[in-house]
S.K.: 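One structure follows; several queries about it will come next.
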2 protein chains.
Amino acid sequence: MTTVQDQRDSRAKHETGPASLSAAAVPVVDLRVVLFTVAEGELLIALRDGHELRLPSNLPLPGQSLDSAARRIVLSMLRRPEQYIEQLYTLSAVDLRERWTIVVSYMALIASNDVPSGSPPPIWLPAHELGSLEVIDRMVADYALVRLRAKLGYTNIAFHLLPETFTLTELQTAYETILSRPLDKRNFRRRVIASGILLETKQKRRDGSHRPAALYRFRADHDPGTYLTPPWAGVVDAETAA
Amino acid sequence: MTTVQDQRDSRAKHETGPASLSAAAVPVVDLRVVLFTVAEGELLIALRDGHELRLPSNLPLPGQSLDSAARRIVLSMLRRPEQYIEQLYTLSAVDLRERWTIVVSYMALIASNDVPSGSPPPIWLPAHELGSLEVIDRMVADYALVRLRAKLGYTNIAFHLLPETFTLTELQTAYETILSRPLDKRNFRRRVIASGILLETKQKRRDGSHRPAALYRFRADHDPGTYLTPPWAGVVDAETAA
DNA sequence: GCAAAAGTGTTGTGTATACACCCATGG
DNA sequence: CCATGGGTGTATACACAACACTTTTGC
């Protein structure tokens, strides 16, 4: 019945015609990032503090991949690149100002130690206290959390929440914080060692009055990377597409 | 350093200034669907036949979810709703006519028997012969294939490629076609029966000169549904967001 | 020598794989 | 009676969960 051409034509009419439905007939494309970190046994999400708390967001630029645009958001928040980023989902919504918006959401991870924070610094809100967020932000953040937890089961993304070197106990604590349940020490260590993703440094960390812990490093080369994400994620800039 | 407001401002400059990079400063949002079916032992993708073969596409409408818009694409191709649909990925690219486009891609599944095909009917191309597609379409289709194969392993989506009743051999053949490798009959049957997603009808299908096959039905109520897809996929229309 | 965290093995249970023959029917 | 696809069971390897004690250090 309807061909591509038909549809493009009817859209063109919309563009020039009056904005119906109190939403303009051409959408704004808006990126939002759910930036996680783990600190003091809590999973935190970075928010911008304006009139109200909002997920950090940005508009894409022509000739730039969406993934770069998402990374720019993180940079503007922290003055540091994230350690992991992944696209989540895209949805169409009408925002508070009745603007038709296409929201492309991302999840990002970073280690909490010495994150410098740009100005203004982000507000770090515990992931289970998102009640104050605006509806769309709330949905996006909730979904990011679901996905993060699910991915702990079959990927190694949790490493990206830790600094360059870390102890196995720190790693386990990160898992437990995100999942909010305790894990068995021996089983955890066995699995993570067997996965081959750890590089044992010769160093030890001596903390308090107890046995020092071995320090490990994340083997980026043994990381399958961004798992059910397309191979070309982040690669399609103007050059590539031409 | 840079706040949301800053970024919106600098973007506003772009909008009113000259379109740099030969791409307009406001993107077109374009949905594309990779519609799969299995027929005669081949995995096929539906394409529109214009000047060249293209993935079926569409533009979203304000106040409508992207998922509805994607479903509209399928309807316009087949005059039937799909049996399964899922969002894949969103990317930014500059198309052949140098228009800056945000491409939101979807994967959809349908049974091949008695699909009526709208006019003009789609061209069904084998999934391993996508060489003739335009770059973006090609990437999208390739990724859809990766995701479909991956999901066979941990979901039941393959059912959505079959008609309402089917034999276990038909189901197995669908899996084998998509994975392009043979599966063990006994193990396959054991697993699929154990999963509890099959409803055994009392009917049998008598084909040729051999034992008749039991017919099964898909238990939609036992299907976890759209798996790593957000719960609100397709729900966020104008009403919901307000 | 004691408090405090690091580190280490075994056993059972369930899940996935490999593999070969009999069954029901039509012609 | 034979050709054709439908249907069934067992043995083995591997992954995962449960569970408790010894080691090294600082004070």
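Throughout, a chain's letter reflects where its sequence line sits, starting with A, and its residues are numbered from 1.
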S.K.: In terms of side-chain heavy atoms of A:R189, which of C:dA6, C:dG9, C:dT17 is nearest?
M.R.: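 Given the options C:dA6, C:dG9, C:dT17, the side chain of A:R189 is closest to C:dA6.
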S.K.: Starting at the 5' end of DNA chain D, what dot-bracket string do you get if Watson-Crick and G-U pairs under 3.5 Å are bracketed, crossing pairs use [ ], other-strand pairs use | and unpaired bases use dots?
M.R.: |||||||||||||||||||||||||||
S.K.: Please work out whether the ring planes of A:F166 and A:F159 are parallel, tilted or perpendicular, with thresholds of 30° and 60°.
M.R.: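 Ring orientation of A:F166 relative to A:F159: tilted.
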S.K.: All N/O contacts under 3.5 Å from nucleotides 3-5 of chain D to the protein, with atom names and distances to one decimal?
M.R.:
| unit_1 | atom_1 | unit_2 | atom_2 | d |
| --- | --- | --- | --- | --- |
| D:dT4 | O2 | B:S209 | O | 2.9 |

S.K.: Measure from CZ on B:F188 to P on D:dT8 and round the result to the nearest Å.
M.R.: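 Spelled out: CZ on B:F188 to P on D:dT8 is 14 Å.
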S.K.: So which heavy atom on A:N156 is nearest to which on A:S195, and how close?
M.R.: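 Smallest interatomic distance, heavy atoms only, reads OD1-OG, 4.5 Å.
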S.K.: Side chains of A:Y84 and A:E82: do they bring a donor and an acceptor to under 3.5 Å?
M.R.: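 No, because no side-chain N or O of A:Y84 sits under 3.5 Å from a partner of the opposite role on A:E82.
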S.K.: Just how far, in rounded Å, is P of C:dA6 from OH of A:Y216?
M.R.: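 From A:Y216 OH to C:dA6 P: 12 Å.
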S.K.: Determine, stepwise, if the pair A:S180 / A:R149 fulfils side chain to side chain contact (heavy atoms under 4.5 Å, CB included).
M.R.: CA-CA 10 Å; A:S180 48; A:R149 285 193 174 128; 3.9 Å; yes
S.K.: Is the phosphate of C:dA16 approached by B:R190 (side-chain N or O, under 4.0 Å from OP1 or OP2)?
M.R.: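 False: B:R190 side-chain N/O out of range (4.0 Å or more) of C:dA16 OP1/OP2.
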S.K.: Check B:E134 with B:R32, please: is the shortest side-chain N to carboxylate O separation under 4.0 Å?
M.R.: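 Salt bridge between B:R32 and B:E134, a charged N being under 4.0 Å from a carboxylate O: yes.
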S.K.: As a test of reading the structure: which of C:dA6, C:dT17, D:dT8 is closest to the side chain of B:R186, going by heavy atoms?
M.R.: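 In terms of side-chain proximity for B:R186, the closest of C:dA6, C:dT17, D:dT8 is D:dT8.
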S.K.: Within a reach of under 6.0 Å around CZ of B:R206, are more than 12 heavy atoms found that belong to other residues, nucleotides or ligands?
M.R.: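 Counting neighbours around CZ of B:R206, 12 or fewer heavy atoms of other residues, nucleotides or ligands fall under 6.0 Å, so no.
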S.K.: What pair of heavy atoms forms the shortest contact from B:L55 to B:D137, and how long is it?
M.R.: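 Closest approach of B:L55 to B:D137, heavy atoms only: N-OD2, 2.9 Å.
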S.K.: In terms of heavy-atom contacts, does CZ of A:R205 have more than 12 from other residues, nucleotides or ligands at under 6.0 Å?
M.R.: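 It does: A:R205 CZ has more than 12 such atoms within range.
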S.K.: Without decimals, in angstroms, what is the distance between A:R206 CZ and D:dT23 C1'?
M.R.: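 Nearest whole value for this atom pair: 19 Å.
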S.K.: Any luck finding a side-chain donor-acceptor pair between A:R189 and A:Q172 under 3.5 Å?
M.R.: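 Note: A:R189 and A:Q172 side chains miss the donor-acceptor criterion.
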S.K.: Check this for me: does any side-chain nitrogen of one of B:R71 and B:D67 sit under 4.0 Å from a carboxylate oxygen of the other?
M.R.: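 No, this pair does not count.
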S.K.: Rounding to a whole Å, what distance do you find between B:D184:CG and D:dG7:C1'?
M.R.: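 In whole Å, D:dG7 C1' lies 13 Å from B:D184 CG.
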S.K.: Mind running a 4.0 Å heavy-atom check of residues 170-180 of chain A against DNA chain C and sending the residues that fall below it, in number order?
M.R.: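 Under 4.0 Å from DNA chain C: no residue of residues 170-180 of chain A.
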S.K.: Could you state the atom-to-atom distance from CG of B:L183 to P of C:dC19 in whole Å?
M.R.: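 Going from CG in B:L183 over to P in C:dC19 covers 15 Å.
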S.K.: Salt-bridged, B:R217 to B:E164, with N to O below 4.0 Å?
M.R.: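 A salt bridge links B:R217 with B:E164.
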